[in-house]
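Numbered from 1 within each chain, the chains take letters A, B, ... in sequence-line order.
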Amino acid sequence: MDKENIRIVFMGTSEISSYVLEKLISNKFNIVGVVSQPDKEVGRKKIITPTPCKLIANKYGIPCFQPIRIKKEFEFIKDLNCDIIVTFAYGQIIPQELLDMPSIGSINLHGSILPKYRGAAPVQWALINGEIKTGVTLMEMTYKMDAGRMYAKKYVDISVEDNATTLFEKIKKCASDVILEYLPLYADGKLKGEEQDEAKVSFARMIKSEDEKLSLDYNSSTFVNWIRGLSDVPGGYLLLDNQKLIIYKAKISDQNFSGKIGEIVNADKNSLTIALKDGCVDILELKLQGKNRCDYKSFVNGHKNLKGKILS
RNA sequence: CGCGGAGUAGAGCAGUCUGGUAGCUCGUCGGGCCCAUAACCCGGAGGUCGGUGGUUCAAAUCCGCCCUCCGCAA
């Protein structure tokens, strides 16, 4: 089947979904409709901000639907007479009746190599758990989250320099490669797929606001991995003199100062180092509540008497 | 008008309460020392103190309004 003749509905919300959406459009796939989360109030000023996917839909004149509850509000998709629904980071559970609507089927791009890391935050959890590779899985959508047959997988390497921002960049490029390559094959029924091994399933739950408070009980590598998984947004933090100190970038220290857990054991032009139970961590980029993000040298420069303070 | 913090040299900060010549550290530039250096020493450049109106002999500082950034709440 020529891809121009396949009627596709794309469901997505975030920036990474919008990247994939635009790739599909520029590669001549026939997107007949976009479904995205409702526009939300953003920031202190509560400015109503359109989702990135909506912006792409508008740019290309594709109708965009933003139901508050897709579970109850999806009849409009019938009128689109679509053949395939493609979802990527949409953000709502899609009812079975809607999944069954397209003539060919409904598929999802997921930011991990399934069956590992089913759920809302696979990219973050891969970093937090210190994985050295992850990837994208193209799969059948079922009502049970991320549990359907797997049609294609593509791996990406995770470097020690990666954080959530950079890994999302890799994942979105990988996801667009996967969908551009496999969508035509799927449409022609050439992908037989593979069941997920339920014994190997793991979950990547949503990151909660409590998770942003870094724990001093972590060992140094876990501590650094949490920072990688939380950066650049929302960022993990500790408290310094009861003020939020967001840490964007850190690494396991080469040096081994002795000190109490959470103590700033060095603060000079060479490093800003805190002690943990199994070693030390150098803080590289940070932001104090009310201030701007800066590197550790600038921070140390303007804040005297840091050494010996205890972070909590 | 949701609550709070902040805006001073390229960067991070002090000075504001108590008005009186613009300050610290880092960076940068020049010089010196050294086998050498991101180390050390000497010197220089760089700021209409977020904007605007007011009070005053005099405003970074006190008062009014506005803009921007950040944390919280949503």
So what's B/A36 paired with, Watson-Crick or G-U wobble, going by both distances under 3.5 Å?
none
Comparing A/Leu288 with A/Gln243, nearest RNA chain B nucleotide closer to 5' gives the residue A/Gln243
Answer with base, sugar-phosphate or nothing: what part of the nucleic acid does A/Lys297 contact at a heavy-atom distance below 4.0 Å?
nothing
Check whether any side-chain N or O of A/Lys269 sits under 4.0 Å from OP1 or OP2 of B/A39, and answer yes or no.
yes
B/A6 - base-pair partner by Watson-Crick or wobble geometry, distances under 3.5 Å
B/U68
Between atom CD in A/Gln289 and atom C1' in B/C70, what is the gap in whole Å?
9 Å
As a test of reading the structure: which of B/C69, B/G71, B/A11 is closest to the side chain of A/Asn292, going by heavy atoms?
B/C69
Using Watson-Crick or G-U wobble geometry with both distances under 3.5 Å, which nucleotide pairs with B/G23?
B/C13
Send over the distance from A/Asp268 CG to B/G27 P, rounded to a whole Å.
12 Å
Spacing between A/Tyr237 atom OH and B/C70 atom P, to the nearest angstrom
18 Å
For A/Lys291 and B/A11, what is the distance between atoms NZ and C1' respectively, to the nearest whole Å?
13 Å
With a 4.0 Å cutoff (strictly under), does any side-chain N or O of A/Lys287 reach OP1 or OP2 of B/C70?
no
Between B/U21 and B/C40 - P atom distance, rounded Å:
33 Å
Whether A/His110 side chain and A/Tyr117 backbone form a donor-acceptor pair below 3.5 Å
yes
Count the heavy atoms of every other residue, nucleotide or ligand shown that sit under 6.0 Å from CG of A/Asp79, and state whether that count exceeds 12.
yes
I'd like the C1' distance from B/U68 over to B/C26, given in whole Å.
26 Å
Heavy-atom closest pair, residues A/Val123 and A/Gly111
CG2-O, 4.0 Å
Look through every strand shown and name the nucleotide pairing with B/A45 as Watson-Crick or G-U wobble, where both distances are under 3.5 Å.
none
On a heavy-atom basis, the closest approach of A/Ser231 and A/Ile247 is OG-O, 4.0 Å
Could you verify whether a donor N or O on one side chain and an acceptor N or O on the other, from A/Asn225 and A/Thr222, lie under 3.5 Å apart?
no
